[in-house]
Amino acid sequence: MMRDAAAWSPLLPVAMVGTERHAAPPPQWPGPVGAAIAALADAAPTAAEAAGVARAPSDVLRTAGVLAVCGLAGTRALPRVPGASPAAGADTLPAVDGAALLQALDWTLADGPHRLKQEFLVRLARGGLRLPHALLPTALELARSTIALRALVQPVLGERGVWLARQRDDWRFAAGVVAVDELDPRQWDHGTLEQRAAFLAAERAREPRAARERLGATLSELPAKERAELARGLAVGLGPDDEPLLDQLRGDRGQEVRSVALALLLRLPDAAHPRRAAARIAALMSRGDPLAPADWAIDAPSEVGTDWKADQIEPDLPVAKLGQRAAWLYRLVCQVPLPWWTAHTGLTPRELLAWSRRTDWADALWLGWRDVLMRAPRADWAELLLQDDVQGMPGDRDFALAVVSPAVREQWILRELASPEALLQRTLVTVFSGCEPGETIPAALCAPIVQRVRRALAHDAAADPGVSNVHLVEQVGAGHALPDLCCTLPLTFLADFDAWAESPGEWPAIARARHAGRQIIQARRVLASRLA
Amino acid sequence: MTLTVEEVIALAPDDASAKSARGLVAPAKWPLLGASDVAVWGECQGSGSKPYQTQVDLAGPAFRCSCPSRKFPCKHGLALLLLQAEHGGRFVGGEPPAWVAEWLASRGQRAQKKEEKQADKAAAPVDPQAAARRESQRWGRIEGAALDLQRFLADQLARGLGSLDPAALKTWATMAARMVDAQAPGLGARLQDVLAGVRQGEHWPERTLHGLGVLQLACDAIGRRESLTPAQQADLRTLAGWPHDQAEVSASGERVADRWLVLGVATQDRPNKLTERRVWLLGARSARVAWLLDHAFAGRGFEQAWFAGSAVDATLAFFPGASPLRALALERDAVVSADAAAECLPKASSSDTAWQRVAERVAACPWAVLHPLLLHDAVVEIADGRPWVCQGASAWPVRASDTELWRLLACTGGAPATLAAEWDGQALRPLTAWTSAGAPAWIKEAA
C-alpha cells in the first residue's frame with residue numbers, strides 16, 4: 001500500500017518514460033510543497049552537474065525526494081474504516097491466575113500432548129474459569145486444527161474469546177454462529193452436507209417429529225449420498241413414529257440409503273419389518289424337548305420366499321464361504337434384531353453361540369449375528385467378540401471393547417495385562433481410548449499397568465540377548481506409552497515416576513518420552529494444586 | 001536482582017531454547033543451587049556423568065555454562081534463572097564455589113581492563129593531523145561514491161523506470177556493491193532496499209521513486225557537506241554507513257541521566273545471521289526519546305537485557321546528529337519497581353504532539369527511517385479485512401505478524417489502550433500496549 005499515491009501521479013509519466021523521451025514541461029504541485037519543488041529549477045548547479053551529471057533526470061529525483069520527505073513529515077492519518085467490531089464486552093468469568101498455573105497452561109496448550117490439553121480445558125471449565133486473554137489465539141488456533149477440542153475450548157473462551165473468534169473466518173466456529181441452544185435454519189438452507197447433518201441431529205434431539213418431517217419433505221431433491229447421510233441422523237431419538245419413513249427409505253433407489261434404513265429398523269423390534277423377519281426365522285426353528293433349554297433345531301430355507309424381494313432380501317447374491325441355503329439363512333438372520341433370539345429361545349448370547357455350533361448352520365448364524373451386532377450394537381452380544389474361541393475380523397475386538405460394559409472391559413484389560421503374550425502397547429491403547437477427556441484410568445487397572453510398564457522399562461536387553469526381541473518390543477511399547485500414561489494415571493501412581501528404573505542401554509526415544517512424562521506430571525501437579 | 005519468568009524467557013535466543021529451559025525447571029535435576037547478591041550458580045545433571053556447571057553474573061546478566069551448546073544463553077543458564085524466579089528458596093546463599101568465584105573475578109578484571117583501555121585510548125595522545133587526514137580521505141571516498149551514484153541514478157531516470165529489465169537491475173546490484181567498496185555501505189544498502197521493491201506489488205513506481213528521491217537528496221547533501229552543520233554532517237556519516245566510534249560517543253556524546261521507561265523492544269533478523277535489536281526508551285523527567293541499537297550474531301544473546309514496560313535509572317550518551325535519537329546506555333544504576341515504572345508512562349498527550357515530533361525529526365534529518373510513537377486511547381481493530389490502529393476518526397495501517405496481531409487484539413479487546421509503536425513512514429509496528437495502570441497488557445515477542 002502507498003499512503004499518498006495521488007501526490008506522486010504527476011511525476012509518473014516522466015519517471016516511467018525517462019527524461020530522454022519525455023518532452024513535456026515539469027509537472028507542478030500546489031501549496032508549499034509545490035513551491036519547494038518549483039524552487040529546484042532555480043537552484044544553482046551542483047557539484048555533480050559540474051562533473052557532467054545531467055540536470056533533468058536529477059531534478060526528477062530531487063522532486064521525488066521533496067515529495068518523499070514532505071510526505072514523511074506531513075504524515076496524515078487515513079479516515080477510520082467503518083465496520084470494525086465494537087469493543088469486547090466485559091468478561092464475567094474469572095481468568096486463570098497464578099504464575100505457575102499460567103506457565104503450565106501456556107506450555108500445555110502450545111506443546112503439551114492432546115490428553116493434557118483436554119484435562120486442562122475440562123478442569124478450567126469445571127472450575128468456572130476462563131483462559132487469560134493472551135492465550136486466546138493459541139486456544140482458538142488449537143480448536144481450529146483439532147476439531148475434537150472445540151467443545152472443550154468453547155466454555156473457557158469468555159466474552160473476549162468469542163469476540164476474537166468473530167473477527168476471523170477460520171475461528172468463527174467458536175463465535176456463536178450456531179449458538180448451543182438456538183438452531184439457525186440457515187445451516188439447513190445454505191449449509192454444507194456436514195452442517196445440514198449436524199443441524200438435523202440437533203433438531204432431532206429436541207423435536208424428533210419436526211426433524212423427521214423436514215427430512216421427509218426434502219428427500220426427493222437430494223442425491224443418494226446425501227439422502228443416506230441425512231437419514232443416519234434419524235438414529236438420534238429413534239422411535240416407533242419413525243417406522244413409516246424408514247419403511248419408505250428401505251425401498252429407496254440408493255443401496256446405501258436402503259442399508260441405513262434397514263440398520264435403523266433393527267433397533268425398532270416392534271416394527272413390522274423386523275417382526276416379519278423374525279417370523280421367517282421362527283418358522284425355520286423347532287423345539288425338541290421343552291424341558292431341555294438348548295434343545296432347539298434350525299433348518300435353512302429350502303426355497304426363496306415370494307415376499308423376500310419386497311423386504312429387501314436378495315436371494316441371488318452369493319455370500320463368501322456359504323452355500324446357497326446357508327446364504328439364504330444368513331440373509332434372513334441379518335434382518336432379525338438380536339434381542340429376539342434371546343427372548344425366543346430363552347438362551348443367553350453365549351449359550352446361543354454354543355448352540356449354533358451344534359447345528360449345521362453355524363457359519364450362517366454367526367455371520368448374520370455379527371452383521372446385526374455391527375449395525376445395532378449391544379453390550380451383551382459384543383462380549384462374544386472378546387471370546388478367545390471366536391474367530392473375529394480385524395477391528396472386531398476394538399469395536400467390542402467400545403460397546404461392552406466398563407466392568408467387562410476392565411476384566412478383559414486385567415487379563416491382557418497378566419498375559420505375557422498380550423502385546424503391552426495394544427492393551428495400553430485400549431486403556432487410553434476408554435479414558436474420557438479429563439478422566440483418569442480406573443483405579444483397579446493402575447497398579448497392574450504400572451507394574452508391567454516398570455518391568456518392561458527396567459529390562460536389560462543386553463544382559464539377556466536370547467529373548468531380547470520380545471522384551472525389546474515390550475520395552476519400546478512401554479516407553480512409547482509413557483507420555484499418555486503420565487496424562488491418564490492418577491498422580492498418586494506417578495509420585496515416584498523419577499524412580500521408574502531405566503534399562504542400562506535405554507533408547508534415546510524412551511529417554512525423551514521420560515522427559516516429556518516429567519513435564520506432563522509437573523504440569524498436572526500444578527493444575528491439581530491450584531484447581532483441586 | 002531476580003528476573004521474572006517473562007523476563008528470563010525474553011532473554012532466550014530462540015523459542016526452542018526457551019522450551020528446553022522450561023523442561024529443566026525441576027529442582028531435582030539440580031544437585032547444587034547457589035546464589036549471592038551478584039550471581040547465581042548451579043550444577044545441572046545432563047546426559048554425561050559430570051554435571052554441567054552453570055553460572056549467571058546478574059550484573060549483565062551474563063551467562064557461562066560448561067555444556068557444549070552453541071546457543072547463548074544456553075538452556076541451562078535460562079533454566080537457572082527460571083528456577084530462581086520460581087523456587088528462589090532452594091538456592092543456598094554464602095560463598096560461591098571456586099569455579100564461580102574465579103569466573104566472577106576474571107569478569108571483573110576484564111571489565112577493568114576494558115575501562116583502562118578506553119581510558120588509555122581517551123588519554124592517548126592522538127595525532128590530530130593524522131586523524132584529520134584519515135577522516136578527510138574517507139570523506140573523499142564517500143563523496144566520490146555519491147557522485148558515481150548520482151550519475152548512475154540520472155542514467156536510470158533518463159531512460160525511464162519503465163525500461164528496467166532484469167539486465168538493467170543487475171547493474172543496480174553492481175552499483176550497490178561498489179558503494180560498499182567505496183566505504184559508503186549505507187548508500188549501497190539503501191539502493192539494495194529500493195532494488196528489492198522494483199516491479200514488486202502495487203505502486204512500485206511510486207515506492208521506487210520515493211527511495212531514489214531520498215537517495216538523490218543524500219547525494220546532494222554529501223556533495224555540499226562542508227556547508228552543513230557538524231550535527232548534519234554526523235547524520236550524513238551515519239547515512240553513508242560510517243559508524244561513530246562508541247568509545248567516542250561514551251566519552252563525548254551528550255549525556256542524559258534519567259529514569260528511562262522501556263517503551264518497547266523490537267528484534268528483527270538481518271542478513272548474515274545478524275539479529276538487530278531496537279530498544280526504545282522514554283525519559284520520565286526529560287521526556288527525551290532514545291533508541292538503543294544492538295546486533296547479535298548467530299543467535300547469541302545481547303549484553304544488556306531490556307524489558308518492555310520496565311524502567312531503569314540510567315545515564316545515556318547520545319550519538320551526534322541533527323535530531324539525536326540513538327544512544328548508548330552507559331551506567332545502569334537500578335531497575336525500578338513495577339509500580340514506579342508504571343508511573344513513568346505519560347498519562348495523556350495529544351496525538352498531534354506525537355506526530356509533530358515526527359515531523360520535526362524528519363525536517364531535521366530526512367533520512368531517519370524509524371520513529372517512536374506513544375499513542376493514547378489507541379484502538380487496534382480489524383476493518384475491511386485489514387488491521388488498523390485508530391484514534392477517534394483517524395486510522396493508521398499496522399505492520400505485524402499474524403501471531404503478534406491476534407495476541408494484541410486478544411489482549412486489548414478493541415478497547416482504547418496506550419500503544420508504543422514504531423512508525424516507518426507507511427505503517428505502525430506495535431511494540432507494547434497498556435490497557436490500565438501497571439504492567440503492559442501486551443508486549444511484542446522477540447522475533
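To find a chain, count down the sequence lines: A is the first, B the second, and so on, and within it residues start at 1.
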A:A56, part contacting chain B, at a heavy-atom distance under 4.5 Å: neither
Enter the distance from A:L78:CG to B:W388:CH2 here, rounded to the nearest 0.5 Å. 5.5 Å
Inter-residue atom distance B:Q216.CD - A:T63.OG1, 0.5 Å rounding: 9.5 Å
Please classify the contact between B:I382 and chain A as side chain, backbone, both or neither, with a heavy-atom cut-off of under 4.5 Å. both
Counting only heavy atoms not in A:R21 (residues, nucleotides, ligands), do more than 12 fall under 6.0 Å from its CZ? no
Proximal component of A:A99, with respect to chain B [non-hydrogen, under 4.5 Å]: neither
Okay, A:R168 and chain B: the region with an atom under 4.5 Å from a heavy atom over there is both
Hey, does the side chain of A:R80 reach the backbone of B:G392 with a donor-acceptor pair shorter than 3.5 angstrom? yes
So, the part of A:V69 with a heavy atom under 4.5 Å from chain B: the answer is both
What part of B:A393 gets closer than 4.5 Å to chain A, counting heavy atoms only: side chain, backbone, both or neither? backbone
Is chain A contacted by the side chain of B:T412, its backbone, both, or neither, given a heavy-atom distance below 4.5 Å? backbone
Which residue out of A:G83, A:A51, A:A511 racks up the most heavy-atom pairs below 4.5 Å with chain B? A:A51
Name the option with the most non-hydrogen atom pairs under 4.5 Å to chain B; the candidates are A:A88, A:P86, A:A7. A:A88
A:D106 versus chain B, the contacting section by heavy-atom distance below 4.5 Å: side chain
Step by step, work out the side-chain contact (heavy atoms from CB on, under 4.5 Å) result for B:E381 and A:S85. CA-CA 8 Å; B:E381 65 185 28; A:S85 292; over 6 Å; no
Just by distance, do the side chain of A:R160 and the backbone of B:A410 share a donor-acceptor pair under 3.5 Å? yes
Hey, which of B:E143, B:K19, B:Q391, B:Q156 has the most heavy atom pairs under 4.5 Å with chain A? B:K19
Minimum heavy-atom distance B:G414-A:A87, with the two atoms named: O-CB, 3.3 Å
Calculate, to the nearest 0.5 Å, the distance between atoms CG and NE2 belonging to B:L157 and A:H22 respectively. 12.0 Å
Considering only heavy atoms and a distance below 4.5 Å, find which of A:D111, A:V60, A:L136 pairs most often with chain B. A:D111
Can A:T46 and B:R224 be said to form a side-chain contact (heavy atoms from CB on, under 4.5 Å), step by step? CA-CA 8 Å; A:T46 62; B:R224 51 189 282 261; over 6 Å; no
Taking the six-membered ring for Trp, are B:W442 and A:H133 closer than 6.0 Å centroid to centroid? no
As an exercise: rank A:L61, A:V14, A:V81 by heavy-atom pairs under 4.5 Å with chain B and give me the winner. A:L61
Count the heavy-atom pairs under 4.5 Å between each of B:A359, B:A368, B:A85 and chain A, then report the option with the highest count. B:A359
Cut-off 4.5 Å, heavy atoms of chain A, and the answer for B:V389 is neither
Between B:W406 and A:P137, what is the shortest heavy-atom contact and its length? O-CG, 3.4 Å
Within this structure, what is the CD-OG distance for the pair A:E20 and B:S163, rounded to the nearest 0.5 Å? 9.0 Å
Given that the side chain runs from C-beta out, which part of A:P82 has a heavy atom under 4.5 Å from chain B: side chain, backbone, both or neither? backbone
Nearest 0.5 Å, what's the CZ-CG distance between B:R361 and A:L72? 12.0 Å
Closest heavy-atom pair and its distance - B:E206, A:W8: CG-CB, 3.4 Å
What's the verdict on side-chain contact (heavy atoms from CB on, under 4.5 Å) for B:H371 and A:T75, showing C-alpha distance, side-chain angles and the deciding distance? CA-CA 12 Å; B:H371 301 273; A:T75 293; over 6 Å; no
Identify which part of A:L164 has an atom lying under 4.5 Å from any heavy atom of chain B, answering side chain, backbone, both or neither. both
d(A:T138 OG1, B:R407 CZ) to nearest 0.5 Å is 8.0 Å
Whether A:Q167 side chain and B:L409 backbone form a donor-acceptor pair below 3.5 Å: no
Quick one: what part of A:E159 sits under 4.5 Å from any heavy atom of chain B, side chain, backbone, both or neither? neither
Most contact-rich option vs chain B, by heavy-atom pairs under 4.5 angstrom, among A:R518, A:Q103, A:H515, is A:Q103
Once ring-ring contact (aromatic ring centres under 6.0 Å, His included) is applied, do any residues pair with A:W107, and if so which ones, sequence neighbours excluded? none
More than 12 heavy atoms of other residues, nucleotides or ligands under 6.0 Å from CD of B:E226: is that the case? no
Name the member of B:G162, B:S394, B:G413, B:G160 that forms the most heavy-atom pairs with chain A at distances under 4.5 Å. B:G413
With chain A, the option among B:L217, B:V25, B:V379 that has the most non-hydrogen atom pairs under 4.5 Å is B:L217
Residues of residues 145-153 of chain B contacting chain A, heavy-atom criterion under 4.5 Å, by residue number: B:L147, B:Q150, B:R151, B:L153
